[in-house]
Amino acid sequence: MNLQPDSKILFQGITAELSATHGVQMKVYGTKVVAGVNPGLGGQTFDDIPVFDLVEQALAEVGSIDTTLIFVPAYQALDAALEAISAGIKQIIIVSSGMPPLDMVHLLRKAEATETIIVGPNSPGIIVPGKLLLGTHRSEFYIPGAVGIVSRSSTLTYEIALELTKAGLGQSMAVSIGGDAIAGSSFLQWLQMFDADDATEVIVLVGELGGNSEEAAAHYIAETINKPVIAYIAGRQAPAGRHWGHTGTLAAVVGRGVNVGTVQSKLAALKSAKIPIAEKPSQIPDLVKKALKKT
């Protein structure tokens, strides 16, 4: 992704309430939120952010947009994302949760055809500490540094960032790929980006029970990633067969064996790849320090 301090950001689904919270937080952090879109509210301003009825109207006024943040209701997210893609926006973060899986299938096909990156849905977005806030991350939990965080969970991303910060370990970037049934980007893509990122020295991967993305990530790390990776899997005490409410993962495990998607299968894959695993978030800073010493 192209993430620069001067990146121009669009806010689809902007309202006075959202602008007063997330829009203001992003602006205070230094993020250039240059326009908002909400059909029927064109011509208004929220916290000095001009609002337009259509994405193309916003671009005609403020110029090209680097990234758009989508806050519309889940059933409107597909239309909002397709409108952004049609306007030439190549980076889309969908904060909305509960987007219909078939809508995501449609969107991902369009994104692949247009080389558009989708983060989310059900994602707090991305933060580059000290430089850029895109979404709803608790920015006070982060400080600049060399630890990259990629996670399926929103709140665990914040918690682990805070644990690192309290230990004096800053972060190069943190991203939550989203907790809905189908995510726009994968652990594999972000692992590759962090591996190529000069500012990142160690990667923290945060997974959950359900699906097979952590198993796939473990194999990918063992075969491809050069930088040290620390892992944490949430849900160790969850009853057998239980899935988080925000992760629609049943389809992901069909035909892959009854043990795929369990915490045990994920831990086994990570151990096989010789990836250090934290039993709880508070252990992550020590594992990161050990990894940094080795490098």
Side-chain angles (χ1 to χ4, degrees), residues 1-100 102-111 113-128 131-137 139 154 176 178 180 184-185:
M1 295 186 75
N2 180 23
L3 301 172
Q4 303 298 329
D6 60 350
S7 294
K8 294 166 67 177
I9 310 303
L10 181 67
F11 202 127
Q12 286 178 264
I14 192 170
T15 64
E17 182 179 357
L18 283 173
S19 176
T21 52
H22 305 307
V24 167
Q25 289 172 6
M26 286 188 283
K27 288 178 64 179
V28 169
Y29 204 72
T31 304
K32 292 181 64 175
V33 183
V34 297
V37 170
N38 201 326
L41 299 181
Q44 300 185 35
T45 59
F46 295 141
D47 295 296
D48 297 325
I49 302 172
V51 181
F52 301 87
D53 292 314
L54 300 170
V55 172
E56 62 180 359
Q57 293 173 343
L59 268 65
E61 182 69 23
V62 303
S64 62
I65 295 290
D66 298 292
T67 303
T68 184
L69 295 165
I70 294 179
F71 282 84
V72 303
Y75 63 89
Q76 297 176 356
L78 174 62
D79 287 342
L82 292 177
E83 184 183 3
I85 291 173
S86 295
I89 299 174
K90 297 295 186 181
Q91 298 179 164
I92 298 175
I93 297 172
I94 305 175
V95 179
S96 314
S97 63
M99 190 170 171
L102 286 179
D103 283 3
M104 271 304 295
V105 171
H106 184 156
L107 177 57
L108 289 177
R109 287 174 177 169
K110 185 68 173 180
T114 56
E115 297 184 345
T116 302
I117 297 175
I118 308 290
V119 176
N122 194 8
S123 168
I126 301 169
I127 183 170
V128 182
K131 295 182 179 180
L132 190 66
L133 172 62
L134 300 174
T136 62
H137 286 270
S139 60
S154 300
S176 172
D180 271 7
S185 58

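Just so it is clear, the model here is predicted, and its values are computed rather than measured.
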Point to revise | Test item: Thr31 side-chain N/O and Leu133 main-chain N/O as donor-acceptor pair under 3.5 Å | key: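 Yes: the side chain of Thr31 pairs with the backbone of Leu133.
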Check your understanding: Where the side chain of Thr114 meets the backbone of Lys110, is there a donor-acceptor pair that is under 3.5 Å apart?
Key ->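 Between the backbone of Lys110 and the side chain of Thr114 there is a qualifying donor-acceptor contact (under 3.5 Å).
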Heavy-atom closest pair, residues [X] and [Y]:
{"X": "Ser7", "Y": "Asn2", "result": "OG-O, 4.0 Å"}
{"X": "Met26", "Y": "Gly135", "result": "SD-N, 3.4 Å"}
{"X": "Phe46", "Y": "Val51", "result": "CD1-CG2, 3.8 Å"}
{"X": "Asp53", "Y": "Val37", "result": "O-CG1, 3.7 Å"}
{"X": "Tyr29", "Y": "Ser139", "result": "CE1-CB, 3.6 Å"}
{"X": "Leu3", "Y": "Gln91", "result": "CD2-NE2, 4.2 Å"}

Is there a side-chain contact between [X] and [Y] (heavy atoms, below 4.5 Å)?
{"X": "Val119", "Y": "Leu134", "value": "no"}
{"X": "Asn122", "Y": "Met99", "value": "no"}
{"X": "Lys27", "Y": "Ile49", "value": "yes"}
{"X": "Ser97", "Y": "Asp180", "value": "yes"}

From [X] [atom1] over to [Y] [atom2], what is the distance, rounded to the nearest 0.5 angstrom?
{"X": "Ile89", "Y": "Leu59", "atom1": "CD1", "atom2": "CG", "value": "5.0 Å"}
{"X": "Met1", "Y": "Ser185", "atom1": "CE", "atom2": "OG", "value": "8.0 Å"}
{"X": "Ser96", "Y": "Gln12", "atom1": "OG", "atom2": "CD", "value": "9.5 Å"}
{"X": "His137", "Y": "Ser176", "atom1": "NE2", "atom2": "OG", "value": "6.5 Å"}
{"X": "Lys90", "Y": "Ile85", "atom1": "NZ", "atom2": "CD1", "value": "8.0 Å"}
{"X": "Leu82", "Y": "His106", "atom1": "CG", "atom2": "NE2", "value": "5.0 Å"}

Practice item. Answer yes or no: does atom CD of Gln76 have more than 12 heavy-atom neighbours from other residues, nucleotides or ligands under 6.0 Å? Key: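 More than 12 heavy atoms, drawn from other residues, nucleotides or ligands, come within 6.0 Å of this atom.
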Check your understanding: More than 12 foreign heavy atoms under 6.0 Å from NZ of Lys131: is that the case here?
Key ->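 Counting neighbours around NZ of Lys131, 12 or fewer heavy atoms of other residues, nucleotides or ligands fall under 6.0 Å, so no.
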Exercise for review: Using the test ring pair (Phe, Tyr, Trp, His ring centres under 6.0 Å), find all partners of Phe52 that sit at least two apart in sequence or belong to another chain.
Suggested key: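 Ring pair (Phe, Tyr, Trp, His ring centres under 6.0 Å) check on Phe52 returns nothing, list empty.
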Check your understanding: How would you list, by chain and number, every residue that makes a side chain to side chain contact (heavy atoms under 4.5 Å, CB included) with Ala74, sequence neighbours excluded?
Key ->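 Expected list: none.
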Exercise for review: Apply side chain to side chain contact (heavy atoms under 4.5 Å, CB included) to the pair Ile14 and Val33, showing each step before the final yes or no.
Suggested key: CA-CA 11 Å; Ile14 192 170; Val33 183; 5.7 Å; no
Point to revise | Listed once per pair and sorted, the side chain to side chain donor-acceptor pair (under 3.5 Å) pairs that draw on residues 37-52, sequence neighbours left out | key: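 Found Ser19-Asp47.
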Review point. With sequence neighbours left out, which residue pairs that include part of residues 74-93 fulfil the ring-ring contact (aromatic ring centres under 6.0 Å, His included) condition?
Key: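 Found none.
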Point to revise | Contacts of Gln25 that satisfy side-chain hydrogen bond (donor to acceptor under 3.5 Å, both in side chains) - sequence neighbours left out | key: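 Partners of Gln25 under the side-chain hydrogen bond (donor to acceptor under 3.5 Å, both in side chains) test: none.
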Check your understanding: Can you name the residues that form a side-chain hydrogen bond (donor to acceptor under 3.5 Å, both in side chains) with His22, not counting sequence neighbours?
Key ->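 side-chain hydrogen bond (donor to acceptor under 3.5 Å, both in side chains) list for His22, sorted by chain: empty.
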